[in-house]
Amino acid sequence: MNYRIPRGTYDILPKDSAKWQYVQNVFRRVAQRFGYLEIVTPIFEMAELFERSSGENSDVVQKEMYRFTDQKGRNFALRPEGTAPVVRSYIENHLDRLGGKSKLYYFGPMFRYDRPQAGRYRQFYQYGIEFIGSNHPYFDAEVIAIELAYLEELGLKDFRLEINSVGCEKCSRTYDEALRKYYQPHLAELCPDCQKRFESKPRRLLDCKVPSCKAFRKDAPSQLNYLDQECKDHFDQVQKYLDQMDIAYTINPAIVRGLDYYTNTAFELIVDALGAQNSIAGGGRYNALISQIGGKDTPAIGFAGGFERLLLAMEKEEIEFPQYAPPDVYVIGMGAATTDMALSCLKEMRKHGLYAEYNPDKSSFKAQMKAADASQAYYALIIGADELAADMPTLKNLRTSEQKQYSRPELSHVIAQRLL
RNA sequence: GUGGAUGUAGUUCAACGGCAGAGCACCGGAUUGUGGUUCCGGCUGUUGUGGGUUCGAAUCCCAUCAUCCACCCCA
């Protein structure tokens, strides 16, 4: 019996791990440039946390959560998203008492039971930003600016930003009613899914892809006409800040975030080249969430992005990734007698921070030279019978083919000065 | 959860129901200790898995698993 990786998961192999380190490191760097600090939470939480925050009726909670009970019968779930755990930690650790705002970033694996497809996995890696503690529209723009700065730093070009406002809870309630009123006469003509959505989440009617449902969309009332003055002002201000930051966007009233906690600003970053799973990041404001799960009434905004889709998008644009650095020195020892000298040179080089390779397994001198060449090492340190007798290893520059014998003290000097 | 396509060597792909193959990659060698190219040689298969039809199955049928595409969902 061969064991196989669970469906919808994947291994990050050594040939790809440098890419992952790279995109994660760039994210860290960019987030910190905006003053955000990393928070790390467990990959599982009480299931109820997600039920409360994402919404009992959301697909994520209804069909996609990996649930389990522990030995004492407690109900847990592997986290399907990152915001609720961060907010839980914020409340539990009284981060609000530290003064100032909480500017947090995170990344790590998320879990959703879903049918795998390109850009969609059961264990997938997200990065995210959460700004907790202000309703100021500048921060809506700042959070968006972080994502864009990140994409720019990575060299990604072919994407677009769409924004919307879904208003506060009050606005969205009046809007839902307006939508129901509009769709009521056509209810029989809608697809079965939409008939269900009609009651639970009328806004979902707007992004149904069934042609017959789509037909009603263009005359449907727009959320933007159902914002109260405060929400409208907020959205206008967000746009103003985006304009001032030279951030291009389009307003798409159909953007409806899937998780229940979003209020006001909602946004999405789309890469059309990715096909069906074309959203590489999305987020919005969630002013009601914190009080909803037991904290003080606190406004907040954040977003999450998917590393897999980001990498796919970068590959589509043929962006080059940094590779692991090749060895500084490849040590070639001819025969068992040279082991002592080889090991002492290796130890010295590694102590000084050089990356040194050595493979006594290789048989012939030629095979060792080939291996050194294949490793793309900058130098070969050759230790053969002559070198051993004279106690003078040969250092060969594999790029220029120049080589020279050094006495041990001379070699030590070269190593210590990092002249390689 | 629904519909469709595809599964053959490490990889990319061939093979009309009749001997499972090629390129690339990998390993070794080409006169004692110098890398590339070239040349020579070598290795890798339960044809995803399990059944069935057939004298005979990689090939046809069924099931199953996996991947991909679309729906759905979302990052």
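Letters go in sequence order (proteins before strands), and every chain restarts at 1. Since we're looking at a predicted model, the values are computed, not measured.
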Student check: side-chain heavy atoms of A:T394 and A:D386 closer than 4.5 Å:
no
Between atom [atom1] in [X] and atom [atom2] in [N], what is the gap in whole Å?
{"X": "A:E268", "N": "B:rC74", "atom1": "CD", "atom2": "P", "value": "10 Å"}
{"X": "A:E147", "N": "B:rA75", "atom1": "CD", "atom2": "C1'", "value": "10 Å"}
{"X": "A:K15", "N": "B:rA25", "atom1": "NZ", "atom2": "P", "value": "17 Å"}
{"X": "A:F50", "N": "B:rA75", "atom1": "CZ", "atom2": "P", "value": "14 Å"}
{"X": "A:I270", "N": "B:rC74", "atom1": "CD1", "atom2": "P", "value": "14 Å"}
{"X": "A:K370", "N": "B:rC26", "atom1": "NZ", "atom2": "P", "value": "10 Å"}
{"X": "A:R122", "N": "B:rG1", "atom1": "CZ", "atom2": "C1'", "value": "11 Å"}
{"X": "A:Y106", "N": "B:rA75", "atom1": "OH", "atom2": "C1'", "value": "9 Å"}

Given side chain to side chain contact (heavy atoms under 4.5 Å, CB included), test A:F303 with A:L269 step by step and report yes or no.
CA-CA 10 Å; A:F303 76 84; A:L269 265 132; over 6 Å; no
Within the structure shown, what part of the strands sits under 4.0 Å from A:A304 by heavy-atom distance: base, sugar-phosphate, or nothing?
sugar-phosphate
Looking for any heavy atom pair under 4.0 Å, which part of the strands does A:I280 touch: base, sugar-phosphate only, or nothing?
sugar-phosphate
Quote, to the nearest angstrom, the [atom1] distance that separates [N] from [M].
{"N": "B:rU6", "M": "B:rU12", "atom1": "C1'", "answer": "15 Å"}
{"N": "B:rC62", "M": "B:rU53", "atom1": "C1'", "answer": "11 Å"}
{"N": "B:rA63", "M": "B:rA25", "atom1": "C1'", "answer": "36 Å"}
{"N": "B:rA20", "M": "B:rG45", "atom1": "P", "answer": "14 Å"}
{"N": "B:rG48", "M": "B:rA66", "atom1": "C1'", "answer": "7 Å"}
{"N": "B:rA70", "M": "B:rC19", "atom1": "C1'", "answer": "42 Å"}
{"N": "B:rA14", "M": "B:rC55", "atom1": "P", "answer": "31 Å"}

Name the pairing partner of B:rG42, where a pair is Watson-Crick or G-U wobble with both distances under 3.5 Å, or state none.
B:rC26
What is the base-pairing partner of B:rU2, counting Watson-Crick and G-U wobble geometry with both distances under 3.5 Å?
B:rA70
Decide side chain to side chain contact (heavy atoms under 4.5 Å, CB included) for A:V26 and A:V23; before the verdict, give the C-alpha distance in whole Å, the side-chain angles of both, and the deciding distance to 0.1 Å.
CA-CA 5 Å; A:V26 173; A:V23 292; 5.8 Å; no
Pairs flagged by side-chain hydrogen bond (donor to acceptor under 3.5 Å, both in side chains) wherever residues 133-148 of chain A is involved - sequence neighbours left out
A:Y36-A:E142, A:Y127-A:E147, A:N135-A:R285, A:N135-A:N287, A:Y138-A:E142, A:D140-A:H234, A:D140-A:T265, A:D140-A:R285
Can you tell me if A:Y182 has over 12 outside heavy atoms packed within less than 6.0 Å of its OH?
yes
Take a 6.0 Å sphere around CZ of A:R203 and say whether it holds more than 12 heavy atoms from other residues, nucleotides or ligands.
yes
Quick check: A:Y183 with A:F198 (ring centres under 6.0 Å apart)?
no
With sequence neighbours excluded, what pairs up with A:E387 under the salt bridge (charged side-chain N to carboxylate O under 4.0 Å, His left out) test?
none
Begin from the C-alpha positions of A:I163 and A:F235 and carry the test side chain to side chain contact (heavy atoms under 4.5 Å, CB included) through to its verdict.
CA-CA 10 Å; A:I163 63 170; A:F235 192 44; 3.9 Å; yes
Is A:F307 stacked against the base of B:rA75, taking the criterion as centroid distance under 5.5 angstrom and interplanar angle under 30°?
no
Just to verify, what does A:E315 make a side chain to side chain donor-acceptor pair (under 3.5 Å) with, not counting sequence neighbours?
A:K19
Can a side-chain donor-acceptor contact be found between A:N225 and A:Y175 if the only test is distance below 3.5 angstrom?
no
Ignoring the backbone of A:M369, work out which of B:rU34, B:rA75, B:rG1 is nearest its side chain.
B:rU34
For A:I5 and for A:N278, locate the closest nucleotide of RNA chain B by heavy-atom distance; then report the residue assigned to the nucleotide nearer the 5' terminus.
A:I5
Distances under 3.5 Å only, N/O to N/O: pair up the protein atoms with those of nucleotides 31-33 of chain B.
| unit_1 | atom_1 | unit_2 | atom_2 | d |
| --- | --- | --- | --- | --- |
| B:rG33 | O6 | A:A385 | N | 3.1 |
| B:rG33 | O6 | A:D386 | N | 2.9 |
| B:rG33 | O6 | A:E387 | OE1 | 3.4 |
| B:rG33 | N1 | A:E387 | OE1 | 3.0 |
| B:rG33 | N1 | A:E387 | OE2 | 3.4 |
| B:rG33 | N2 | A:E387 | OE2 | 3.0 |

A:F68 vs A:F44, ring-ring contact (aromatic ring centres under 6.0 Å, His included): CA-CA, chis, key distance, verdict
CA-CA 10 Å; A:F68 65 97; A:F44 67 98; 5.6 Å; yes
Quick one: which protein N/O atoms are closer than 3.5 Å to N/O atoms of nucleotides 40-51 of chain B? Pair and distance per line, please.
none

Determine, for nucleotides 67-72 of chain B in 5'-to-3' order, which nucleotides have protein heavy atoms under 4.0 Å from the base (write B), from only the sugar-phosphate (write S), or from neither (write -).
SSSBBB
Whether the side chain of A:K396 and the base of B:rU34 hold a donor-acceptor pair under 3.5 Å is what I'd like checked.
yes
